[in-house]
Amino acid sequence: MEMDINSHHHQTETCFECLEHEIHKDFSEKLIFSYGIFDSSSSGFPFGSRAIVQVPTSTTTATQFLLVRLPFHQHHCLTKYVDGFSLEDVESDNEQRKDGMKSYEKYKNQGKDVGVVSYSSTIELHCLFEHGKTICQGGEGINSFSISYSGKFSCVRTITALAPVAYVGKGSYSTIEKLSEKLLSESIEDHVVSSLIHLFEGKPTGCDAENFLNLVGIPSFDENNIPGCLRHPNIAPVLGMLKTAGHINVVLPKAPYTLENILYYCPSTLQTEWHIKLLLYQLLSAVAYLHSLGIAHGDVCPSNVMLTSSCWLWLNVFEKPHINCKQNVMHEDDSHVIPPSSLSCPTNNCPFQAVYADLKLSPVIDWHSNFKRWWRGELSNYEYLLVLNRLAGRRWGDHTFHTVMPWVVDFSVKPDENSDTGWRDLRKSKWRLAKGDEQLDFTYSTSEVPHHVSDECLSELAVCSYKARRLPLSVLRSAVRSVYEPNEYPSNMQRLYQWTPDECIPEFYHDPRIFTSLHSGMSDLAVPPWASSTEEFIKLHRDALESNRVSKQIHHWIDITFGYKMSGQDAVVAKNVMLPSSEPSIPRSAGRRQLFTRPHPMRQVKHIESQESILLGAADLQDLEDAASFCEDACHLSPIYYYDQGNTVNKAPFVNQQLSGYSETEISNFPASGKYPFGLSDIRSSNLIEYFEVEDNGSLGFQELCLWKQKSSDLHPLSKDIAEDIFAIGCILAELHLKRPLFNSTSLAAYVGSGMLPGLMHDLPSDVALLVEACIQREWWRRPSAKYILESPYFTATVRSSYMFLAPLHLLVEVEHQLQYAAKLARQGALKAMGTYTAEMCAPYCLELLVPPLSDTKAEWAYILLKEFLKCLKPPAIKELVLPSIQKILQAVDYSHLKVSLLQDSFMCEIWTKVGKQAYLQKIHPLVIANLSVSPHKNSASAASVLLMGSCEELGIPVTVHQTILPLIHSFGKGLCADGIDVLVRIGSLLGDTFIVKHILPLLRNIVLSCIDVSNTDKSEPIQSWNALAVIDSLITLDGLVAALPSEVVIKELVQDRSCLHVKVLMQKNLELSVLQVAATTLIEVCQRIGPDFTSLHVLPQLKELFDEFAFSKETINNTSSSGRTLKVASSRFDAVQVESRMDLVLLLYPSFASLLGIEKLRQCCATWLLLEQILQRSYNWKWDYSGEVPKFFSENISSQRPILSKISTSDYSPAKMLLTGVGWSVPQSQGARGAKNWTYKQSNDHQLVQVNKHVLTSNHEKREPWIWYPSPAASWDGPDFLARSGGSKDELPWKIRASIIHSARAHPGALRAVAVCHDECTVFTGGVGPGFKGTVQKWELQRMECVSGYYGHEEV
């Protein structure tokens, strides 16, 4: 927009260095200055009045703002407007509030619907009424000052309409912080959407809803609308207008992209004609709103068209006004163009005044003129490269996309044009010089996507490393390395050049401060020894850049960095193929822009004084012809968007008349709500859907558009400056289709002079060309108004209804309100009325709201919205748009109420019906299974398990096996939850015994056997850990399936023929104890399922080797070497007793089998029963209770018991002694009695008794003797007696052994007189009384538990 500007451009702009200093001075050093922004048509020098600033936060979400600084003397109306809000008298403010409310009540009592008027004294700006005149909070009345934009409305009303939500007042850092908090809360315009929601529901609502609908064309766009206090959805939101010394600081949220970014770096973002039309419709809607206020924007160009993350358009109306100096138009004879005056920074003590004083670059960018001057030697290499950087979109100070310069020397020697030493080869990129041709060729030939260069020619890492001495440490930690280490940064220029594969930055050519470190731990960057100071180095380095040697080669570097060697076969030859973006349709704010498609001409090193006075040689004429041809080919680099570009725009003679048909006094008597003065509109929910209806007859034909154009010439715009905006819109429309500007200086001059349209017009579609031609008419009064273009046949009903539906979604509101609005409107039939195609186009804008973590309330609205889109969209659109959103929701790790809702059977059935089985299995089904692993939330896992069970019947057995059973089994060991295992068990139960036997059991058997094999190999710890978890999951699944199978099937498939998997697992010594524990527990479950008889017949024989191992293993003593050990108790049934050693498995297995089979039957089946029971008694205090009841230790929940363990030292261990103890080895009676006294007690659940027993065991352990582990004399015995005598008959003591020896091992009969144990402790010789009281010597092998040979020939003992 224009204001009264009389000063020249370069007198109002400061360099970015001074701009940063001024911002920090006016606000605070805490406010982070990210980078300055060039004005839309400025040159490449770091001059401007705009900057990107950032409020530091403790979170990762940082708020960035666009800060526009407008000088007081150039913006009198805005200055007075802001001054009106700087109230010093609070009482005066309160009086204005009272008067305003009186006017409101008076107007309300007249029966007028004025809606809800709110007052806020903090951030937001609302309008009140004072004596029938509109005022603003704390501001002056409508007649407070007379400066007007166009004579239609006062500045107060106009500025308020453009910045209705802005905080207006004095600038401070705390104010910026509040604005940041407000923006992050996204609740600035919640009241508008709330009002719309109430309108849809038929509830009483204020005027906000109807006023907003009027802004977006419901019932229609109106140029006579009265401005209110609602922001147009396509006008960039102004968050604050802050007054500081000498400036008004306009604060806007930073949009991630501009239309210029899209056209430069990712033109495929505008995928279809519909996207282009919607973008243009938004731009026209914003411009029509400005024009309805009686103002022209004055600088409608791609750089001022801001785009949000969803590519919603914001037009920046508080942009730096366009330039007052005439742009240089290069005619055929451009030698008469007068070079503009040099730039200078108006700030006192600017550190770069001397640098700027020597520069000859124009303040306004015109590539044609700058190229010619550079080619002739009138412009330096440095200045010309700045122009190219500006054209490529590179941003001075933005570390992610910084201005780039070439390295020209390697700093090994002082630059000398007469020597070849030390000069960089500019025919090759720095990346190529650093990496070498061989490596680049290898990368190109072996990459999936052939490329040589994987990064930008100047990366953020390189820029921050170059400027490390001047940047804050927080920036270095973020961009370079999280751990700050000053010694890792290159210490001198030569090392810096050798280290980096990236190009140089301009600071090394003009700023000597870059070498001086601000950090105590980092030394200054050392200059080469041939420079005595940093200032001398800068001069010598700059002289090298401007030398004839570099001037003769710099065009090669331009070809690589900005020119034709960036693409095609030329890039392959130059080894300069860039790795392309994986998603070209995704918008980007930075990238590589190829400026030229032909080789760049070499600079004319020898300057020609006068072309008229000398005879040009043939070579010079050829060079001149090549340069002219090159300029013609690169004409798109000087785009022009205004017919009278750069001229001061004059008002039309009739503009100062009242255009609305009623006086300003009459206007002031209408409420500031924006209602129609000639009758309030009657928009209700009942007829609102009608505005969204789209006929299926498609767009109107070309003839209708031609008729529209004929009528447009009779509907001229309000003024010439407004018509200039229409010209710019026509240029932008053409550029959106052509991907290059329509006008440049040459073509515009031809069009202005002769009316000859650019040749590019022939490349436009016929309907687009017709509309463009109407907008760029030479006679400004023939151009159509923005409102008339909006109503043209070019914009179909699909575009209009899409815009009406989407506009409220892009207000500054919370996601909950956005979802609620979209869901309610969709549920009332808006999507259905819009039609399938329109709903498909709107879907991406709505579905992007579903990705962030949503609360339960938001999830409900999101679920409704998804359901509505499923109803309206066709299957291909659902696959392309809806399914990716559902996938993102299901992939979320955290709990989501929306995820649980989507996993419901009813919703997935609808998806299945819409997209088919194949798409469901490919896109959704794997994610349902994924929600059963990696620590899923209980609700999500439960819903997923139910869904899988419900889908198995629909899928059928083959698909269920491949799509459900196999993926679940593949998840074994990878965090599969209990619900996942339950799914396998329930699916098996549902599909029957045959399905389990044929499809599930073989898979589980293979997994267990494979894991056993892996456990015996030398694999890494992660693999072994996964291996153990996979076995556990397999065993637990088997345990669940056993309950669903008949006992005979269990016997046949899992037990008989020595095929029991549980036993195979238990025999493995390399598996983790947790695996063995689960194997033992699940084995007991299997045995209980098949009964005692089949257990003794099939299972116990397979366990013989295991029981023998327990009976004779050293671990028996090693792992029970301290008395009173208590096993840990866990919660699940598979962890009833926490196994701490392999021997603890005895406690799990033997008592359980005793309970199942009975002790006598177990002893008959287990040859080593005596040793095992001794181990259980000594180590775990377990005894069989002969009262006829099952011991409480295992009859009750084992997890409630804490058995007491006693331990034996390793030195007292001997397998032979253990064997002979139960068959006749004896001790003196006194010692035997002492040992028996301490061991005669039964297990008890009483806590005090356990503590007492622990004390007894502990005290006995201190004075233990080798015979302490002998069995105690039996007090009573109901089994067969076996007498063994110790020593002579006089001290014989009967020993009651709790077993019949003949059923287990043939021990030495009679009295034992001698024993001899071999060194291996496996062979034992006994001597004593044999049959017939003859002397007998027998040999025993402990492994076989029987006598292997004997000699019975001794007549006497």
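From a predicted model like this one, the values you see are computed outputs, not experimental measurements. We number each residue from 1, following the sequence as shown.
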(message) I need the minimum non-hydrogen distance between Leu932 and Ser945, along with the two atoms involved.
(response) CD2-N, 4.1 Å
(message) Can you confirm whether more than 12 heavy atoms, excluding those of Lys1161, are under 6.0 Å from its NZ atom?
(response) yes
(request) Show the numbers, then the answer: is there a side chain to side chain donor-acceptor pair (under 3.5 Å) between Asn931 and Lys899? (result) CA-CA 10 Å; Asn931 273 275; Lys899 181 196 292 188; 3.1 Å; yes
(message) Atom CD of residue position Glu1105 - does it have more than 12 heavy atoms of other residues, nucleotides or ligands inside 6.0 Å?
(response) no
(request) Taking the side chain as every heavy atom from C-beta outward, state whether Leu1038 and Leu1001 have any atom pair closer than 4.5 Å. (result) yes
(message) For the aromatic rings, using the six-membered ring if either is Trp, is the centroid distance between Phe1110 and Tyr1150 under 6.0 Å?
(response) no
(request) Please round to the nearest 0.5 Å and tell me the distance separating atom CG of Leu1003 and atom NZ of Lys998. (result) 14.0 Å
(message) Other residues, nucleotides and ligands only: do more than 12 of their heavy atoms fall within 6.0 Å of CZ on Arg1005?
(response) yes
(request) Identify the two heavy atoms, one from Val1078 and one from Thr1082, that lie closest to each other, and give their separation to 0.1 Å. (result) O-OG1, 2.7 Å
(message) What I'd like to find out is whether the side chain of Lys923 reaches to under 4.5 Å of the side chain of Ile886, using heavy atoms alone.
(response) no
(request) Using side-chain contact (heavy atoms from CB on, under 4.5 Å) as the criterion, point out the one residue from Val983, Ile965, Leu990 that pairs with Cys952. (result) Leu990
(request) Could I get the full list of salt bridge (charged side-chain N to carboxylate O under 4.0 Å, His left out) partners for Glu910, not counting sequence neighbours? (result) Lys867
(request) Report, as yes or no, whether the 6.0 Å neighbourhood of atom CD on Glu954 holds more than 12 heavy atoms from other residues, nucleotides or ligands. (result) no
(message) By the definition side-chain contact (heavy atoms from CB on, under 4.5 Å), identify the one residue from Ile1032, Leu1076, Leu1083 that meets it with Val1065.
(response) Leu1076
(request) Verify whether one side chain among His937 and Ser942 offers a donor that lies under 3.5 Å from an acceptor in the other. (result) no
(message) Just to verify, which of Val1086, Ile1090, Ile1051 counts as forming a side-chain contact (heavy atoms from CB on, under 4.5 Å) with Val1099?
(response) Ile1090
(message) If you compare all heavy atoms of Pro967 against all heavy atoms of His962, which two are closest, and at what distance to 0.1 Å?
(response) CD-O, 3.4 Å
